[in-house]
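Here's the structure we're looking at; comments come further down.
Both counts, for ligands and for their atoms, begin at 1 and track the order of listing. What you are looking at is a predicted structure, and each value in this text was computed from that prediction instead of being measured.
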Amino acid sequence: MSGSYIISVTNIFVLLKMESVHSLKLIFLVGLLLFQQCNANETLLQNDKQALLDFIEKLPHLHALNWDKDLPVCKNWTGVACNEDGSRVVSLRLPGVGFQGSIPENTLGKLSALQILSLRANGINGTFPFELLKLKNLSALYLQSNYLTGPLPDDIYVWKYLSIVDLSSNKFNGSIPSSISGLMKLSSLNFANNWLCGEIPNLRLPKLQSLNFSYNNLSGIVPQSLQRFPKSVFVGNSVSLLNYNVSSSPVVSIPPEASSKSKNVSKFSERALLGIIVTASVLGVLGFGFLLLVLCLRGKNEDRFLGKLEKGDMSREKAVSRTQDAANRLSFFEGCNYAFDLEDLLRASAEVLGKGTFGTSYKAILEDASMVVVKRLKDVSVGKKDFEQQMEVVGRIKHENVVALRAYYYSKDEKLMVSDYYIQGSVATMLHGKKGGNKTTLDCPLDWDTRVRIATGAARGIARVHTENGGKFVHGNIKSSNIFLNSEQYGCVSDFGTATIMSPLAHPIARAAGYRAPELTDTRKATQASDVYSFGVFVLELLTAKSPVHTTSGDEVIHLVRWVHSVVREEWTGEVFDVELMKYPNIDEELVEMLQIALSCVVRAPDQRPKMFEVVKLMENLKQDQPMPESGP
Ligand SMILES: *[C@@H]1O[C@H](CO)[C@@H](O)[C@H](O)[C@H]1NC(C)=O
Ligand SMILES: *[C@@H]1O[C@H](CO)[C@@H](O)[C@H](O)[C@H]1NC(C)=O
């Protein structure tokens, strides 16, 4: 018994030994493969680096670039970005470097993994750099504002991933190549301000969202396929717009990029995850290979991490900017993922979002299709130092219910605040529709749960703002057009802290009418109690769907607070609420409770109003099936 047992154990050992010889061989082979792969990557990056060095050496430029041969390309070189594993250069952005001359041959064309190329606003001349046609992975090309001449390439179709092309403000001539039609991914095409002539070809570009052919020398008629764009994109040509389809709606202003991008990302990460799992299990067995890989990647991983820190957290100190020009500097906050400078902002296509109490807001679409809100402040009454101090406090506040300030800018003539853009628009738009739009046809009226989330979120945001500066910070400009929905559909507040730095004379008190607490005669002297009042008005607005100040059909001016009081006093409480809310069963108690919270915020005496954190608690209790207190309002 015991003998056979021993034998079988030995057998197992023999078997194991044989196995291990096999697996050792396997381990070695895999290790070698990984090592080779790793070396190959190293070579590819070296080639990219050399191509860049050749490029910069052969093309004279006015501003120096910090491209040091001895420093890592991916980490240190201005304008250069690499792929995730740091093996290839995928993006090159060198706007406004002052290049003089034509793009040298056998340089950029070698960056075969390049996806984004921006050489805009330089002095590049010569004909179209045909060299670039070798970049098969190119998805965005920005060559606007240079002195390029001659015809556009006929075989533009080789860029099958091309999504954004901007060749505007050059001197290109010849006709528009019809081969553009093959670019299935093209979403933005700008040839404005050139010398292009001939007829516009019939372009079938299903993904095209933005087009500009203005100010060329084009003739003939606009083909049917492009008549969905506004006439304005063809102005400055001799194109006949007579048969233009007048009913065509303007272009959708939100590029689909954002959503498709995130899809790609999730697809990619699924694949990447799978890759990691497979790799990890292989490596788990094959320790040797892993060791080699670690040895080979170690240096690189460190670089990558640092690179991420640098790019991702735009600034560890508060005011690091991508522009070298100190006078023209945007100050970014920590955690800002946007890669833009003032020049980008000023060049971005902008759309007016609204004229607010303190200035005009624009939506700016940056060249990488990300969107930000730029607020142009007028009548700032404080100097640079005070302005910066205030912005630093504002920018410090990071909270899910507070719209983050990303950057600011101060010069004698221009004061800008840059913050996140919310596609859905403000709560004001959701409640009342777009200004000038048809008020009665809202696409999608807000349901009760959403309104509760908006109010609760906004309350939390304001409560957070109030904790800043030793618990003394004031929002100062609470109204429905300053409240947005975050990704969880809770309210979040924006545009705070500006009231106190504005000159009072330029802003008649009437501007914030309806939201302004009665005790407030000077908007700069806003208090936390006056914030609570404004918030109360906002909640009433949510409940009634009526603007804080509105006129009836008989031109009578109605103040929301007074109106609600009068209705409640007459015990017609039910009449107060938005008819839209009457659709939902079993919310009466919640409605009345919310109304009571709002009314407690808008009492006349400032010291009798609840504190913001108390309001938050009341709102959070709203949905917990608590029995209603019997006392009336
Ligand atoms: C088209 O380009 C022209 C010239 O650069 C510019 O003035 C205009 O604003 C652009 N139009 C659109 C819709 O971008
Ligand atoms: C514009 O086109 C017309 C005819 O197509 C030509 O005669 C004229 O010289 C062109 N103008 C420019 C500035 O190229």
Side-chain angles (χ1 to χ4, degrees), residues 95-96 118-125 128 140-149 152 162-177 180 183 186-201 203 205 207-223 225-241 244-258 340 342-354 360-374 376 421 423 434:
S118 171
L119 298 171
R120 64 182 165 81
N122 278 292
I124 298 171
N125 56 33
F128 186 91
L141 177 65
Y142 306 96
L143 295 175
Q144 68 267 37
S145 307
N146 280 292
Y147 305 116
L148 292 160
T149 60
L152 298 174
L162 202 59
S163 158
I164 303 170
V165 187
D166 196 336
L167 303 179
S168 62
S169 303
N170 276 287
K171 296 176 190 169
F172 288 118
N173 53 35
S175 53
I176 295 174
I180 290 180
L183 300 175
L186 201 63
S187 70
S188 170
L189 179 61
N190 193 347
F191 286 167
N193 240 328
N194 276 289
W195 295 348
L196 298 171
C197 58
E199 295 198 359
I200 301 172
L203 301 175
L205 296 164
K207 289 259 171 75
L208 199 64
Q209 295 283 329
S210 148
L211 176 78
N212 199 345
F213 281 171
S214 62
Y215 304 103
N216 276 286
N217 196 9
L218 298 164
S219 53
I221 55 165
V222 175
S225 57
L226 298 180
Q227 294 201 2
R228 60 195 166 100
F229 293 97
K231 279 182 186 178
S232 63
V233 308
F234 302 105
V235 299
N237 288 291
S238 15
V239 174
S240 160
L241 294 169
Y244 206 84
N245 186 0
V246 275
S247 67
S248 66
S249 57
V251 204
V252 193
S253 57
I254 297 160
E257 277 303 276
F340 57 83
L342 189 64
E343 202 188 335
D344 287 310
L345 267 190
L346 299 180
R347 278 171 191 283
S349 56
E351 181 186 306
V352 177
L353 286 175
T360 307
S361 293
Y362 303 84
K363 174 176 85 178
I365 306 173
L366 302 172
E367 56 180 29
D368 64 353
S370 61
M371 287 179 271
V372 290
V373 175
V374 181
R376 204 169 184 173
Y421 176 71
I423 285 180
K434 276 222 167 75

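The shortest separation from a heavy atom of S232 to ligand 1 is not under 4.0 Å, leaving the residue out of contact.
Heavy-atom contacts of S214 reach the following atoms of ligand 1: 1 (C), 2 (O), 3 (C), 4 (C) (cutoff under 4.0 Å). For ligand 1, the atoms sitting less than 4.0 Å from at least one non-hydrogen atom of N193 are 4 (C), 5 (O), numbered in the order shown with element in parentheses.
S187 and S163 share a donor-acceptor pair across their side chains, judged by distance under 3.5 Å alone.
Classified by interplanar angle (parallel below 30°, tilted 30° to 60°, perpendicular above 60°), the ring pair F128/F172 is tilted.
Using a 4.5 Å cut-off on side-chain heavy atoms (C-beta onward), T149 and W195 make no contact.
At a 3.5 angstrom cut-off on N or O pairs, N212 counts as close to ligand 1.
For the pair N170 and L167, the tightest heavy-atom approach, listed with the atom from each and the gap, is ND2-O, 3.1 Å.
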